Amino acid sequence: MCKHFFYNFNSNSLFSGKQAKTFKVKVSTMDAEMEFSCEVKWKGKDLFDLVCRTIGLRETWFFGLRYTVKDTYAWLKPDKRVLDQEVPKDSLITFHFLAKFFPEKVEDELVQEITQHLFFLQVKKQILDEEIFCSPEASVLLASYAVQAKYGDYDPNFHKPGFLAQDELLPKRVLMQYQMTPDMWEEKITAWYAEHRNITRDEAEMEYLKIAQDLEMYGVSYFSITQNKRDTELLLGVDAQGLHIYSPNNKLSPNKSFPWSGIRNISYSEKEFTIKPLDKKKEVFKFYSSQLRVNKLILQLCIGNHDLFMRRRKVDSIEVQQMKAQAKEEKARKKVERQILAREKQMREEAERAKEEMEHRLFQLQDEARMANEALLRSEETADLLAEKAQIAEEEAKLLAHKAAEAEHERQRLEVTALKTKEEKRLMEQKMREAEQLAVKLVEQSERRLKEADHLKQDLNEAKDAERRAKQKLLEITKSTYPLIAAYSSPPPSTGPESPDRTVDMASSIRMDFKDSDMKRLSMEIERERLEYMEKSKHLQDQLKELKSEIESLKLEEQHQAGLYSLRSYTEPPYIPHSNVRNTQA
């Protein structure tokens, strides 16, 4: 095969000068792109076989090479040269390797894993591109199987929220139908995804296809037709079951169906198609398409689907039997490998768990050893502290015993003092009562003396009045009796004549002597009693003052001793008997 490639950039033709011997093609599968250098004489089958050999595909009857021509698409014909067909005459011709025909039951007809994988990718793309209608519930379930096929078993430690943010899993129509955030959709998908544990990629893709094959638009190729030249437009659907007629706005429920088992012949003449039922009594159905190229494409699909339909009803060929046997052996081998892998994985997980447990146990033992060492150090420190505390406690016990003895002596002294204080207080109270009684008696005596003094004053006044009256009376008597006295008395001879004035002076002197002697005597008695009263009062007041001062000093001393005793009871430890002191020291 020649690997040289010649292309004239100034010409739209693939060839320049003389005819080239090779040309370049690019083939895009659902998960890869390949470029091939093809010979000019190659037919479509040569290129198709090369692609199938490259990807390792043996179930070739489902697939084809599709290319775009004008406003539609066409399939590369296997028995015609590639360059003689209506392929684009570009420097690099592009083909798409896709499933052209779909199986009736994927679990029975798809044998190879590569076949399943290619169907899975194509059907998934058609659902996401809304070429196949899918309900929201089925879309979420299919998305969960797609995630299982891509990521394997769900692991919450690895598959954190947001791990599906970059994956396209649901059709836009479903996303727009509900007011839900991407996180909410991811949560719903993950809930189903977590239930698919221990399902391999091939099994997940097969489950996806088994659900998808029950969708109404699965495997159906739609074409615009008219039943009559002037009639309204209809849709023709071609699939593995037969032909179906749809309304333009309803691709889910066909108006009329023609199963392959009931069709005797299909033919077309230019733009007219004729479907002849196997039952000759039924009416022949005719429809028209707009382009001759579309009619050829419809005929190709009808022939291919009908051949596969008839092939399914026959015994499998030797090649298919060998493929199924090999696939069965391969599945059995992979199952054994998966079992061995699962067992090894389980053993590895158990070993890892045991390792983790041992490490955890080791950490626990290390922690326990560390804690034991720390506890030992703490116990040693505690022992030292306890010994020190014991020594301190012993010293404190001795000190407390000494203080207890002192407190006991002080208590006894205070008790004796209290008794003395009580006795003195009692005596003082008794003295005070006696002083009060004495004061009362003195007051009574004072009042009595005052009354006596008043009486004496009254008697004195009466005496003075009597004296005055007596003096007056005496004067009267003297005056009346003086001549008689002078006549009858024989006075001594006098040396000289006595005058009347001398007689008057004598009487006056007698009266004055009488008055002065009485007054002096009364005055002396009153003064003496007053002095005695004042002395007794002063003495009594001194005794009262002395008694009050003694009582106040006793009260202060008693309060001081009571406060000191209460302070000792709060600040000093309670009295400990000698037996208890010995126990404490022990």
Side-chain angles (χ1 to χ4, degrees), residues 371-451 528-586:
M371 293 172 66
N373 290 330
E374 292 177 355
L376 180 60
L377 293 175
R378 286 196 301 270
S379 63
E380 291 177 355
E381 293 176 357
T382 305
D384 296 337
L385 290 174
L386 289 175
E388 185 177 355
K389 286 183 178 180
Q391 185 178 358
I392 295 172
E394 186 176 357
E395 294 176 357
E396 288 180 352
K398 293 179 179 179
L399 182 61
L400 289 173
H402 180 65
K403 287 185 177 181
E406 291 181 353
E408 178 64 18
H409 293 310
E410 183 66 19
R411 186 185 66 80
Q412 293 176 358
R413 187 184 65 80
L414 290 174
E415 286 180 354
V416 173
T417 305
L419 292 174
K420 290 181 179 180
T421 304
K422 289 181 179 179
E423 183 66 23
E424 290 177 355
K425 184 178 178 182
R426 187 181 62 77
L427 293 174
M428 287 298 105
E429 288 178 353
Q430 184 177 358
K431 287 182 180 181
M432 188 174 178
R433 284 195 298 272
E434 292 176 355
E436 287 178 355
Q437 291 176 1
L438 181 59
V440 171
K441 289 180 180 179
L442 290 174
V443 169
E444 291 177 354
Q445 290 179 3
S446 175
E447 290 178 354
R448 189 170 60 252
R449 291 293 183 179
L450 288 175
K451 290 179 180 179
R528 181 173 54 79
E529 291 179 357
R530 186 179 65 80
L531 290 175
E532 289 179 358
Y533 172 74
M534 292 297 291
E535 186 178 357
K536 288 182 180 180
S537 297
K538 184 178 180 181
H539 180 66
L540 182 60
Q541 289 177 359
D542 293 337
Q543 286 183 352
L544 288 173
K545 288 182 181 179
E546 185 180 357
L547 186 60
K548 286 182 179 179
S549 61
E550 289 179 359
I551 291 171
E552 291 294 330
S553 62
L554 287 173
K555 285 184 177 179
L556 291 174
E557 186 177 358
E558 183 180 3
Q559 290 177 358
H560 177 68
Q561 290 176 357
L564 182 61
Y565 185 75
S566 62
L567 181 62
R568 286 177 180 271
S569 65
Y570 279 111
T571 57
E572 294 183 357
Y575 168 70
I576 303 174
H578 294 290
S579 59
N580 293 339
V581 172
R582 286 196 297 273
N583 292 333
T584 306
Q585 292 176 356

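The structure displayed is predicted, hence computed values, not measured ones.
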*asked:* Please find the pair of heavy atoms, one from Met371 and one from Arg378, that lie closest to each other, and give the distance.
replied: O-NH2, 4.3 Å

*Please list, chain by chain and in numerical order, all residues satisfying side chain to side chain donor-acceptor pair (under 3.5 Å) with Gln412, sequence neighbours excluded.*
Glu408

_Those residues that, when tested against Ile392, pass side-chain contact (heavy atoms from CB on, under 4.5 Å) (two or more places apart)_ = Glu388, Glu396

*asked:* Just verifying a value: how many Å separate Glu406 CD and Leu400 CG, rounded to the nearest 0.5 Å?
replied: 11.5 Å

*Quick one: CD on Glu415 to CZ on Arg413, what's the gap to the nearest 0.5 Å?*
11.5 Å

*asked:* According to side-chain contact (heavy atoms from CB on, under 4.5 Å), who are the partners of Leu531, at least two apart in sequence or on a separate chain?
replied: Glu527

_Residues in side chain to side chain donor-acceptor pair (under 3.5 Å) contact with Glu374, at least two apart in sequence or another chain_ = Arg370

*Under the side-chain contact (heavy atoms from CB on, under 4.5 Å) rule, collect the residues that match up with Glu535, sequence neighbours excluded.*
none

*asked:* With rounding to the nearest 0.5 angstrom, report the CG to OG distance, Leu385 to Ser379.
replied: 11.0 Å

_side-chain contact (heavy atoms from CB on, under 4.5 Å) against Glu423, all qualifying residues, sequence neighbours excluded_ = Arg426, Leu427

